[in-house]
Novice: 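Please read through the structure below; I'll follow up with questions.
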Amino acid sequence: MGFNLQNLEAALQAGRKHTYLPFSLHFFESVSSTNQTLWNLLNQGAISGTVVIATQQSAGRGQWGRQWISPVGGLYVSVAISFDHKIEANDSYQLTFATAWGIASQLRQCGIDVGIKWPNDLVLNDRKLGGILTETKVNKGQITQAVIGVGINWINPVPETGINLESWQASQDFRSISCLEILTSKVLLGIESGMECLFQEGVNILLSGYLDLLTNIGDRVYVNNLSGTVVGVTPQGNLRVDLETHHTKELITPEIYIEPGTISLGYHKSSV
Ligand code: BTN
């Protein structure tokens with residue numbers, strides 16, 4: 001089950017109207033982590049748009065320091081981005097949101113009903129299809145370089161809360177993604193269109209697209225024994241929740257902001 005880089009290059013060319021990121025593709029059979037390999041290449045002078053793809057990872061990195069189990073059959077890809085525009089370290093979630101929105105939009109254009117689970121999960125049928133890990137290098141409070149890593153379940157085995165794209169496609173009467181190379185091209189084009197939206201149209205336009213695909217809007221969550229409703233996200237990546245509290249007998253709904261990683265929304269309608 002080889003990976004055909006020429007097929008990927010052809011798919012990228014066919015799917016591109018313009019080139020916002022000058023992709024330069026690097027393929028490896030096995031690495032510890034595509035994010036780590038890409039940081040190594042950047043330290044040796046690689047430029048924005050450099051891409052690392054691997055068939056498997058021995059120490060794939062997930063969010064919050066977790067491991068990302070990465071057997072053959074999954075997609076493991078990282079893209080390097082550097083910035084002409086100033087982007088504050090505190091705004092790094094905008095890169096993750098741009099990536100999630102861009103990839104989900106690309107897959108939706110293929111008839112695959114992908115949504116986003118806050119902050120960085122790609123979901124299909126209320127199960128995890130993939131995840132995004134953004135790592136940044138910061139100088140004087142500004143992001144100078146970012147590595148955006150994406151893992152997508154293609155034909156690899158998944159846990160109960162996960163789903164792989166091939167099994168989903170097998171249950172449909174169409175199959176729009178025929179191979180891992182095409183899936184990789186959709187992911188790269190999605191990252192490119194997400195960055196283009198963020199840097200050319202601005203964070204407010206990006207957030208409105210992200211919110212349209214966010215599956216958590218309207219979810220009931222419990223924070224410190226108080227019930228609340230998810231109403232959105234902030235440009236810094238926090239979840240906006242309207243809490244329900246009573247002041248004397250009147251119901252009031254102050255808005256609170258929850259940082260990524262401090263609650264889990266779960267995969268089966270949630271609580272904390
Ligand atoms: C998550 O925990 O949901 C994010 C997972 C991100 C995994 C991808 S796989 C390619 C890239 N390289 C890594 O080591 N991690 C990311």
Side-chain angles (χ1 to χ4, degrees), residues 3 8 23 25-43 46 50-81 92-93 95-104 107 114-124 126-137 145-165 180-181 183-188 190-191 194 210 213-216 237 239 259-267 270:
F3 189 95
L8 170 57
F23 292 132
L25 308 176
H26 298 254
F27 173 76
F28 298 83
E29 279 300 336
S30 183
V31 295
S32 61
S33 150
T34 53
N35 274 26
Q36 186 55 55
T37 303
L38 187 47
W39 282 120
N40 297 345
L41 291 176
L42 287 169
N43 290 336
T50 302
V51 175
V52 169
I53 302 155
T55 302
Q56 61 186 321
Q57 303 182 115
S58 56
R61 306 207 276 247
Q63 57 185 344
W64 337 126
R66 293 187 194 135
Q67 195 188 356
W68 185 258
I69 310 284
S70 310
V72 173
L75 170 62
Y76 313 107
V77 59
S78 300
V79 182
I81 301 184
S92 66
Y93 263 97
L95 303 174
T96 302
F97 286 177
T99 301
W101 170 79
I103 296 173
L107 294 176
V114 173
I116 300 168
K117 177 173 162 292
W118 177 80
N120 63 334
D121 284 0
L122 297 165
V123 296
L124 186 57
D126 201 26
R127 291 173 190 275
K128 183 158 176 164
L129 176 70
I132 297 157
L133 178 68
T134 302
E135 298 175 334
T136 56
K137 199 162 149 186
Q145 271 181 329
V147 165
I148 296 179
V150 179
I152 305 234
N153 299 318
W154 169 238
I155 52 171
N156 53 299
V158 292
E160 211 230 317
T161 52
I163 186 166
N164 79 36
L165 193 51
L180 189 52
E181 291 83 352
L183 177 60
T184 311
S185 74
K186 302 292 175 199
V187 166
L188 292 175
I191 295 173
Y210 178 91
L213 302 185
L214 195 65
T215 56
N216 309 108
L239 194 66
E259 284 185 25
T262 56
I263 69 167
S264 165
L265 297 179
Y267 269 90
S270 60

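Note that ligands are numbered from 1 as they come in the structure, with each ligand's atoms numbered from 1 the same way.
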Novice: Please tell me whether Q57 and W68 have a donor and an acceptor in their side chains that are separated by less than 3.5 angstrom.
Specialist: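 Short answer, no.
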Novice: Would you call the rings of F97 and Y93 parallel, tilted or perpendicular, taking 30° and 60° as the class edges?
Specialist: tilted
Novice: Using a 4.0 Å heavy-atom cut-off, say whether R66 meets ligand 1 through its side chain, its backbone, both or neither.
Specialist: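 Neither; nothing of R66 gets under 4.0 Å from ligand 1.
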Novice: In ligand 1, which numbered atoms sit nearer than 4.0 Å to a non-hydrogen atom of S33?
Specialist: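 The list of qualifying atoms is 12 (N), 13 (C), 14 (O).
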Novice: To the nearest 0.5 Å, tell me how far L239 CG sits from W118 CH2.
Specialist: 4.5 Å
Novice: What residue and atom, counting heavy atoms only, is the protein's closest point to atom 6 (C) of ligand 1, and at what distance?
Specialist: R61 O, 3.6 Å
Novice: Any atoms of ligand 1 less than 4.0 Å from a non-hydrogen atom of G62? List them with their elements.
Specialist: 2 (O), 5 (C)
Novice: Could you pull out the closest heavy-atom pair between A46 and L42, with the gap in Å?
Specialist: O-CD2, 3.4 Å
Novice: Does a donor on one side chain and an acceptor on the other come within less than 3.5 Å for T96 and N120?
Specialist: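 No, because no side-chain N or O of T96 sits under 3.5 Å from a partner of the opposite role on N120.
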Novice: Do me a favour and list the nearest non-hydrogen protein atom to atom 2 (O) of ligand 1 with residue, atom name and distance?
Specialist: Q63 N, 2.8 Å
Novice: For D121 and Y267, test the side chains for any donor-to-acceptor distance below 3.5 angstrom and give the result as yes or no.
Specialist: yes
Novice: Going by atom types only, do S92 and T136 share a side-chain donor-acceptor pair under 3.5 Å?
Specialist: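 Result is no, nothing qualifies.
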Novice: Near G60, which atoms of ligand 1 are under 4.0 Å from a heavy atom of that residue?
Specialist: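 Heavy-atom distances to G60 below 4.0 Å select 14 (O).
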Novice: Checking the N or O distance criterion of under 3.5 Å, is ligand 1 in contact with Y76?
Specialist: no
Novice: Go through ligand 1 atom by atom and flag the ones less than 4.0 Å from a non-hydrogen atom of T34.
Specialist: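 Selected atoms, number and element: 10 (C), 11 (C), 12 (N).
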Novice: Can you tell which part of S70 has a heavy atom less than 4.0 Å from ligand 1: side chain, backbone, both or neither?
Specialist: neither
Novice: Quick check: closest heavy atoms across Q67 and S58, and the distance to 0.1 Å?
Specialist: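 Scanning both residues, the minimum pair turns out to be NE2-O, 4.3 Å.
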Novice: Can you find an N or O of W68 that's nearer than 3.5 Å to an N or O of ligand 1?
Specialist: no
Novice: With backbone taken as N, CA, C and O and side chain as the heavy atoms from C-beta onward, which portion of V77 lies under 4.0 Å from ligand 1: side chain, backbone, both, or neither?
Specialist: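 For V77, only backbone atoms sit under 4.0 Å from ligand 1.
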Novice: Can you pull out the closest protein heavy atom to atom 9 (S) of ligand 1? Residue, atom name and distance to 0.1 Å, please.
Specialist: Q57 NE2, 3.4 Å
Novice: Between R127 and E160 (side chain of the first, backbone of the second, donor and acceptor by atom type, cut-off under 3.5 Å), is there such a pair?
Specialist: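 Side chain of R127 to backbone of E160, a donor-acceptor pair under 3.5 Å: yes, one is there.
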Novice: For atom 3 (O) of ligand 1, what is the closest protein heavy atom, and at what distance to 0.1 Å?
Specialist: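 Here the closest protein heavy atom is K128 NZ, 2.7 Å.
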Novice: Does the side chain of N153 pick up a donor-acceptor pair with the side chain of N156 at under 3.5 Å?
Specialist: yes
Novice: Could you list which atoms of ligand 1 come closer than 4.0 Å to a heavy atom of I132?
Specialist: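 Those of ligand 1 that fall under 4.0 Å from I132 are 4 (C).
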Novice: Would you mind running through ligand 1 and noting each atom that sits below 4.0 Å from a heavy atom of D121?
Specialist: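 Within the 4.0 Å cut-off of D121, ligand 1 contributes 3 (O).
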